[in-house]
Protein chains: 2
Amino acid sequence: MLTKRYKRSMAATDPFAGLLGYHVRRLSFVVMSDLTESLAPLGLKPADASILLAISEVPGVTQSDLGRALGIRRANMTPLIAALMARGLVEREPVDGRSQALRLSRAGRRTCRAAHQIVKDHEARLFGSLPEAARERLIAQLRALWCGAP
Amino acid sequence: MLTKRYKRSMAATDPFAGLLGYHVRRLSFVVMSDLTESLAPLGLKPADASILLAISEVPGVTQSDLGRALGIRRANMTPLIAALMARGLVEREPVDGRSQALRLSRAGRRTCRAAHQIVKDHEARLFGSLPEAARERLIAQLRALWCGAP
DNA sequence: TATTGTTATACTCTATAACTATA
DNA sequence: TATAGTTATAGAGTATAACAATA
C-alpha cells in the first residue's frame, strides 16, 4: 500500500493524516479487497454474501426490502438475485402479484454458512488486534456516524 | 439511507450490526458522497482535491510518487493530471528525461486553499459531534488498521 | 533491466429512465 | 397513484497490457 518512496517523500508531511474521512476511505478499501479475495473461492462477491446472510436472517424478505436494507437499487438487485437463483442458492415465491419472497435453498444455506465463516475469519484477521471493548466502541462510533447520531 | 420498512423488517436482527468492516464500508460511502457533493462547486472530485492538497504539501513531487502515495495507478494519473493542467491549476517540469515534477500554479494554490476549506468544513459537519480526544483516538485506530499495526 | 509516462481497453459498480403488472 | 420487478443503458472508478523514451 505505502511504498518506501512514499515514506521518504511524503509521509512526514502527509496532508491527510489528520482527516478522519481519509482513514475511513483507505480502511474501507483494505476491508473490501480482503473480503473480495476471501469470498472468491465460494464464487461470491461481497454483495452476494450480504444478500445470502440477510435472507438467512429474514427468510421471506422481499427483493425490494432487501435492496433497501443493503443500499442496492432495485435495478441492480435483479441480476444479483437472478444469478443466485441460477446457481440454485436462492428460491423465490410470490407473496402477491408483484412482490417476491426470497428464501435460501438447502444449498444456499450451506453456502451461506460457509460465507459466514469466511466473514468471521476475515474480521478476526483484520480486526483481531483490537481488544473486544475497543472493537465494540469503534462499531458504536462508526454506526452513529453513518446512520445518524443515536 | 435506512427506510422505515427496513427498520420494521430487518433492523432487529441485522446480521451486519456486529461487523466492523460493514460499518467502515457504510461510513466510507457517506463520507465520499458528502465530499463529492461538497467539492462539486469547485469542479473537483475527491481524487482531484487529494492531488492538489498533496502537491501543495510536497511541491515538485513526481507524478509516479504522487500516484503511489494516493493509491492511484500510473495509467489513471495521466488523465487526472492532464485535466488539472488543462485547467491551469497544475504545472509540470521535467526533473530528468522521464520524471515530471508537479507544482501548483497561482490559480492552483487558490483552488487548493478553497478545497482545503471545503474539506475542513466537511470533516466538521460529519465528525463534529465527536469530542476531539475521541476523534484522535479513532484516527489512530483506523490508521493502524489500514496501514499496519504501529 | 527497471522506471516514467502514455495509450488503449476492459471490467465492475453504480445510476437513471422507461416499461409492465399489480396494489 | 404508488409500488415491484425488469430491461437497457450510461457513467464513474479502477484494472491490465503494451509501448516509447530514459535511467
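Each chain gets a letter, A, B and so on, in the order the sequences are listed, and its residues count up from 1.
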Distance, rounded to the nearest Å, where Leu80(B) contributes CG and dA15(D) contributes P: 13 Å

Rounded distance (Å) that lies between atom P of dC13(C) and atom CG of Leu70(A): 14 Å

Between C1' of dA12(D) and CZ of Phe29(B), the distance in whole Å: 13 Å

Minimum-distance nucleotide to Arg92(A) side chain [options: dT14(D), dG5(C), dG5(D)]: dG5(D)

Whole angstrom value for the distance that separates C1' of dT12(C) from CG of Asp48(A): 12 Å

Minimum-distance nucleotide (side-chain atoms of Ser64(B) versus dA12(D), dA23(D), dG5(C)): dG5(C)

Thr78(A) vs dT7(D): side-chain N/O to OP1/OP2 distance below 4.0 Å: no

5' priority, DNA chain D, between Pro46(B) and Ala75(A) [closest heavy atom]: Ala75(A)

N/O donor-acceptor pair under 3.5 Å between Gln100(B) side chain and Thr62(B) backbone: no

Side-chain N,O (Arg68(B)) to OP1/OP2 (dG5(C)) below 4.0 Å: no

Under-4.0 Å side-chain N/O to phosphate OP1/OP2 contact, Ser99(B) with dA23(D): no

Donor-acceptor pair, side chain of Ser38(B) and main chain of Asp34(B), under 3.5 angstrom: yes

Rounded distance in Å - CD1 (Ile72(A)) to P (dT16(C)): 16 Å

Protein-nucleotide distance (Ile81(B), atom CD1; dT7(C), atom P), rounded to Å: 14 Å

Within-4.5 Å side-chain heavy-atom neighbours: Ile51(A) and Ile55(A): yes

Any Arg103(B) side-chain heavy atom under 4.5 Å of Val61(B) side chain: no

Comparing Ala47(A) and Asp96(A) on DNA chain C - which has the more 5′ nearest nucleotide: Ala47(A)

Any N/O donor-acceptor pair, Arg74(B) side-chain to dG5(C) base, under 3.5 Å: yes

No-H, no-angle donor-acceptor pair, Asn76(A) side chain to dA15(C) base, under 3.5 Å: yes

Under 3.5 Å donor-acceptor pair, Arg73(A) side-chain atoms to dT14(C) base atoms: no

Between dT4(C) (C1') and Gln100(B) (CD): distance, integer Å: 8 Å

Backbone N/O of Gly88(A) and side chain of Ser105(A): donor-acceptor pair under 3.5 Å: yes

Glu93(A) CD to dG5(D) P, straight-line distance once rounded to whole Å: 13 Å

